[in-house]
Amino acid sequence: MMNKEQYLLYFIMGSNNTDKDPEEALREAVQGGITCFQFREKGEDAREASGKKELAQRLQVICREAGVPFIVNDDVDLALELGADGIHAGQEDTPLRDIKKRCSGSMTVGVSAKTKAEAEQAVQDGADYLGAGPMFATSTKEDAEAPVGPETVRMLRQSGITLPIVGIGGIGTENAASVMEAGADGVSVISAISRAPDIQQAAQSLRNVLR
Ligand SMILES: Cc1ncsc1CCOP(=O)(O)O
Ligand SMILES: C=C1C=NC(C)=NC1=N
Ligand SMILES: [Mg+2]
């Protein structure tokens, strides 16, 4: 199970989020100080089946060596097969109750939620953290909905949600602090790190504005 501090700089990446070798990209991000990693192999040119599993295993080794939690997006079977530290489910993915039945109590289960109702349902279903967004405009997720802004984090806190919350969507060094100030425990980032010329520097710069 993860502690709140581990959500601070929650890097997410799949092979199609970087032009670099994904393993090299993750090593650089770990060097730069990410506190948590999610393997999200999705969308155009995403690897599938054995290719996806092999890449996941290699990235999991990098996380394990660094003591960084390794979370899998959406794919419950893969998460269980790998013995991942956690799974992240979107609203359109496998219902949390079904996931919880299949996962051991030690597995961190995260849910995307941006309304009070979604958040309360997730709490009831036993979610360990919430991903709220998109905070700002993003081109990384093709079907991302309209940005909801950090106000959504503030709203969830004012609604009495005490679960760890990470903001996600279009986050970089220029706006990360506003997400934390709204009450998030961390920020989830894809392209501001995965597409940076110097990935280690990008992760370090984000760490520097977070705390
Ligand atoms: C997976 C996801 N969910 C909401 S926005 C998003 C993409 C975030 O990518 P980026 O950090 O590059 O905007
Ligand atoms: C859609 C998502 C929202 N939040 C997080 C943390 N991960 C995701 N894949
Ligand atoms: Mg999803």
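None of the values given here were measured: they were computed from a predicted structure. Atoms within a ligand are numbered from 1 in the order they appear, just like the ligands themselves.
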All N/O donor-acceptor pairs, side-chain side in residues 155-162, below 3.5 Å, sequence neighbours left out:
unit_1 : atom_1 : unit_2 : atom_2 : d
Arg157 : NE     : Gly183 : O      : 2.9
Arg157 : NH1    : Ile161 : O      : 2.8
Arg157 : NH1    : Leu163 : O      : 2.8
Arg157 : NH2    : Leu163 : O      : 3.3
Arg157 : NH2    : Gly183 : O      : 3.1
Arg157 : NH2    : Asp185 : OD2    : 2.7
Ser159 : OG     : Met155 : O      : 2.7

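Counting heavy atoms from C-beta on, the side chains of Val187 and Tyr10 never come closer than 4.5 Å.
Contacts of Ile12 with ligand 2, taken as heavy-atom pairs under 4.0 Å, involve the side chain alone.
Taking every heavy atom of Tyr10 and a limit of under 4.0 angstrom, the matching atoms of ligand 2 come to 6 (C). When each atom of ligand 2 is checked for a heavy atom of Gly131 under 4.0 Å away, the hits are 4 (N). Interface of Gln38 with ligand 2, defined as ligand atoms under 4.0 Å from a residue heavy atom, comprises 5 (C), 6 (C), 7 (N), 8 (C), 9 (N).
Within the 4.0 Å heavy-atom cutoff, Ser188 counts among the residues contacting ligand 2. Under a 4.0 Å heavy-atom criterion, Gly90 is not in contact with ligand 2.
Remark: Arg58 engages Glu23 in a side-chain hydrogen bond (donor to acceptor under 3.5 Å, both in side chains) (not counting sequence neighbours). With sequence neighbours left out, Phe11 forms a ring-ring contact (aromatic ring centres under 6.0 Å, His included) with Phe37.
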Pairwise, report which nitrogen or oxygen atoms of ligand 1 are under 3.5 angstrom from protein nitrogen or oxygen atoms, and how far apart they are.
unit_1   : atom_1 : unit_2 : atom_2 : d
ligand 1 : 11 (O) : Ile190 : N      : 2.9
ligand 1 : 12 (O) : Thr140 : OG1    : 2.5
ligand 1 : 12 (O) : Ser191 : N      : 2.8
ligand 1 : 12 (O) : Ser191 : OG     : 2.5
ligand 1 : 13 (O) : Thr138 : OG1    : 2.7
ligand 1 : 13 (O) : Gly170 : N      : 2.7

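The shortest N or O to N or O distance between Asn73 and ligand 2 is under 3.5 Å.
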